[in-house]
Amino acid sequence: MTTRVAIVGHTGKLGSIIESVVEADPDLEIVGRLTSRSDLAELDGAELVVDASTPAVSIDVVRAAIERGVNVLVGTSGWSAERIALIRPLVDQAGTGAVFIPNFSLGSVLGSALAAAAAPFFPSIEIVESHRETKVDSPSGTAVRTAELIAAARTEVGPVESPHVDQRARGQQVASVPIHSLRRPGVIARQEVILSGPGESVTLTHDTVDPAAAYAPGIRLALRAAREAKGVLVGLDSFVDIGIRVPRAHAAHDIEERGVPGQVARVTGG
């Protein structure tokens with residue numbers, strides 16, 4: 001039997017890729033194509049809601065899915081661990097599933113996991129993320145997720161060293177990690193995690209160069225997981241074994257939250 005899917009934000013860059021993936025899957029049927037301005041009553045009849053809207057609208061989409069007793073897959077940015085914690089009891093009470101994916105790129109998930117694995121060994125860590133100028137939010141959901149994972153990995157050694165955080169040019173702190181956001185033409189999505197210690201540094205860089213090719217495999221995996229999910233799942237690594245231990249936590253102030261075409265990932269040391 002096919003699963004009836006409603007996509008919110010189907011006209012956006014991510015939404016259009018999700019729509020193509022869903023259309024190509026014989027086990028899925030699109031019964032609703034909504035924009036961020038659509039009446040959420042159009043979700044009626046769907047068995048799975050996919051949210052690729054905007055950060056301001058996403059919370060209403062998720063709540064509307066929960067109220068209807070259907071599972072939701074969230075690809076919209078802006079969902080921090082604290083914000084997800086507010087949704088968790090609603091999902092548990094409804095007996096549904098909510099899957100939050102900060103980044104559908106498998107290479108990006110690997111990059112964040114590698115940063116978390118290295119985090120306990122370096123006292124200073126900062127993130128620089130770049131997206132095209134049309135991205136409306138900052139820092140990116142991927143950068144927030146990476147910072148949260150870094151903080152969870154450093155539970156025993158403490159927060160990162162980030163001097164002069166009172167100065168605006170030092171970036172926005174997320175879980176003690178300074179994040180610097182660039183919004184400019186000529187780039188799609190890029191994240192650098194710079195880990196520094198006495199006499200050395202390691203830089204983990206992930207570039208998305210073809211979003212459709214990079215995101216499609218992760219979208220297919222997430223759609224499959226979202227149909228059967230119970231409770232809250234965060235990140236592709238919550239249901240794909242990437243071979244790297246990703247830190248987990250259970251409190252809102254801690255962190256919970258897998259060669260792919262279309263991506264370039266590299267590690268540099270110096």
Side-chain angles (χ1 to χ4, degrees), residues 77 80-82 102-103 105-132 135 138-184 186-209 214 234-238 240-249 251 253-260 262-270:
S77 190
S80 65
E82 290 78 9
N103 197 311
S105 154
L106 297 174
S108 176
V109 174
L110 283 166
S112 295
L114 288 167
F121 302 97
F122 294 89
S124 175
I125 305 172
E126 305 203 23
I127 298 172
V128 181
E129 57 95 353
S130 304
H131 285 78
R132 65 186 99 203
K135 184 172 177 60
S138 61
S140 70
T142 302
V144 169
R145 172 67 173 156
T146 304
E148 291 176 341
L149 290 174
I150 287 169
R154 292 184 57 86
T155 299
E156 295 184 4
V157 298
V160 303
E161 296 178 5
S162 49
H164 311 301
V165 293
D166 57 310
Q167 300 172 9
R168 293 179 62 186
R170 290 290 293 117
Q172 178 178 330
Q173 276 196 305
V174 175
S176 83
V177 181
I179 300 178
H180 311 268
S181 297
L182 308 182
R183 298 291 176 266
R184 59 188 178 87
V187 64
I188 295 174
R190 176 185 176 92
Q191 177 171 282
E192 296 176 88
V193 183
I194 305 167
L195 306 99
S196 302
E200 63 179 344
S201 68
V202 172
T203 300
L204 302 170
T205 303
H206 177 266
D207 282 311
T208 300
V209 297
V234 184
L236 292 176
D237 51 279
S238 63
V240 175
D241 184 5
I242 61 174
I244 303 171
R245 188 186 68 83
V246 179
R248 303 285 175 184
H253 62 277
D254 291 327
I255 314 308
E256 245 198 1
E257 267 231 27
R258 266 164 173 209
V260 181
Q263 307 174 81
V264 179
R266 60 182 176 274
V267 180
T268 62

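Computation of the quantities below employed the complete heavy-atom set of this structure, encompassing side-chain atoms and omitting hydrogens, waters and symmetry-equivalent molecules.
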Just verifying a value: how many Å separate [X] [atom1] and [Y] [atom2], rounded to the nearest 0.5 Å?
X	Y	atom1	atom2	answer
R132	I188	CZ	CD1	5.5 Å
L149	R154	CG	CZ	14.0 Å
I242	L114	CD1	CG	7.5 Å
E126	S196	CD	OG	7.5 Å
Q172	S181	CD	OG	7.5 Å
I150	L195	CD1	CG	6.0 Å

I would like to know whether I194 and I125 meet side chain to side chain contact (heavy atoms under 4.5 Å, CB included); could you show each step before the answer?
CA-CA 6 Å; I194 305 167; I125 305 172; over 6 Å; no
[X] side chain to [Y] backbone, donor-acceptor under 3.5 Å:
X	Y	value
T155	A152	yes
E192	H206	no
R170	P163	yes
D207	V209	no
S112	V109	no

Worked check of side chain to side chain contact (heavy atoms under 4.5 Å, CB included) between L236 and L106
CA-CA 8 Å; L236 292 176; L106 297 174; 3.5 Å; yes
Check [X] against [Y] and note the closest heavy-atom contact, atom names and distance.
X	Y	result
A147	A175	O-CB, 3.8 Å
P139	V144	CG-CG2, 4.0 Å
S108	S105	N-OG, 3.0 Å
S77	S140	OG-C, 3.9 Å
A153	A119	CB-CB, 4.2 Å

Can you tell me which residue among R183, R190, R184 is in a salt bridge (charged side-chain N to carboxylate O under 4.0 Å, His left out) with E129?
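That would be R183; it is the only one of R183, R190, R184 passing the salt bridge (charged side-chain N to carboxylate O under 4.0 Å, His left out) with E129.
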Less than 3.5 Å apart, any donor N or O on the side chain of T146 or Q191 sitting next to an acceptor on the other?
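Q191 and T146 do have a side-chain donor-acceptor pair below 3.5 Å.
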